[in-house]
Amino acid sequence: MTAGLNPICGNLLHHAIECMLKGAMVKTRTLQELKKLGQGLPQLWQTFKSDVGDPDLSKFNVAVVAPDNYEDLRYPDDALKNGMESVVIDAWTTTIKIGHA
């Protein structure tokens, strides 16, 4: 799996979507039910769509489920086994002059 330059962003997006979906479902489900749903976005998204019953939500399927690829990054097993590379680049190359020319 590749996560671009830095996998942390993909992992944070996964967590944000998971929290949003569970936060919305807490109105109709118990905390125990939410725990049983786990952390996988495909299952959470299907359950959320079923609860809401709005067929227009299907247009967001790819956007909501795609970050599930980053769920592996929650635990370091894969990185320890296969290694991981992360690159941070300072993109600020413009000189800012303060004062009169």
Side-chain angles (χ1 to χ4, degrees):
M1 174 201 358
T2 136
L5 292 178
N6 200 325
I8 295 169
C9 296
N11 188 250
L12 290 174
L13 179 60
H14 180 284
H15 289 294
I17 293 171
E18 177 187 342
C19 287
M20 184 219 40
L21 293 173
K22 286 182 175 179
M25 289 189 287
V26 77
K27 297 174 186 174
T28 57
R29 296 183 177 271
T30 67
L31 293 178
Q32 190 63 26
E33 288 174 316
L34 292 176
K35 285 181 183 180
K36 285 183 183 177
L37 286 173
Q39 299 163 336
L41 295 182
Q43 175 64 33
L44 287 171
W45 181 235
Q46 287 301 334
T47 304
F48 175 79
K49 289 192 309 179
S50 175
D51 286 358
V52 173
D54 184 351
D56 284 342
L57 289 176
S58 292
K59 64 186 172 188
F60 299 109
N61 286 352
V62 173
V64 172
V65 174
D68 199 61
N69 293 327
Y70 298 102
E71 176 58 14
D72 299 5
L73 300 173
R74 177 187 300 259
Y75 306 104
D77 303 23
D78 189 58
L80 291 172
K81 185 172 122 183
N82 300 315
M84 181 170 83
E85 181 176 80
S86 182
V87 177
V88 178
I89 299 171
D90 178 7
W92 293 97
T93 58
T94 304
T95 303
I96 299 173
K97 295 182 180 179
I98 300 174
H100 297 287

Does the pair Val64 and Leu21 meet the rule for a side chain to side chain contact (heavy atoms under 4.5 Å, CB included), with working shown?
-> CA-CA 10 Å; Val64 172; Leu21 293 173; 4.2 Å; yes
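Among residues at least two apart or in separate chains, ring-ring contact (aromatic ring centres under 6.0 Å, His included) pairs with a member in residues 25-46 are Trp45-Phe48. Here side-chain hydrogen bond (donor to acceptor under 3.5 Å, both in side chains) pairs that include residues 19-28, with residues two or more places apart or in two chains, are Glu18-Lys22.
Among residues two or more places apart in sequence or in another chain, the side chain to side chain donor-acceptor pair (under 3.5 Å) test is passed with Gln43 by Thr47. Judged as a side-chain contact (heavy atoms from CB on, under 4.5 Å), and not counting sequence neighbours, the contacts of Thr30 are Gln32, Glu33. For Asp54, the side-chain contact (heavy atoms from CB on, under 4.5 Å) partners are Val52, Asp56, Leu57, not counting sequence neighbours.
Atoms CG and CG, from Leu13 and Asp68 in turn, are 11.0 Å apart once rounded to the nearest 0.5 Å. To the nearest 0.5 Å, atom NE2 of residue His15 and atom CG of residue Leu41 are 10.0 Å apart. Once rounded to the nearest 0.5 Å, the distance linking CG of Leu37 with CZ of Arg29 reads 6.0 Å.
Nearest approach of Pro67 to Ile17, heavy atoms of both residues: CG-CD1, 3.7 Å.
No single ILVMFWY cluster, assembled from side-chain heavy atoms under 4.5 Å apart, contains both Leu12 and Leu44.
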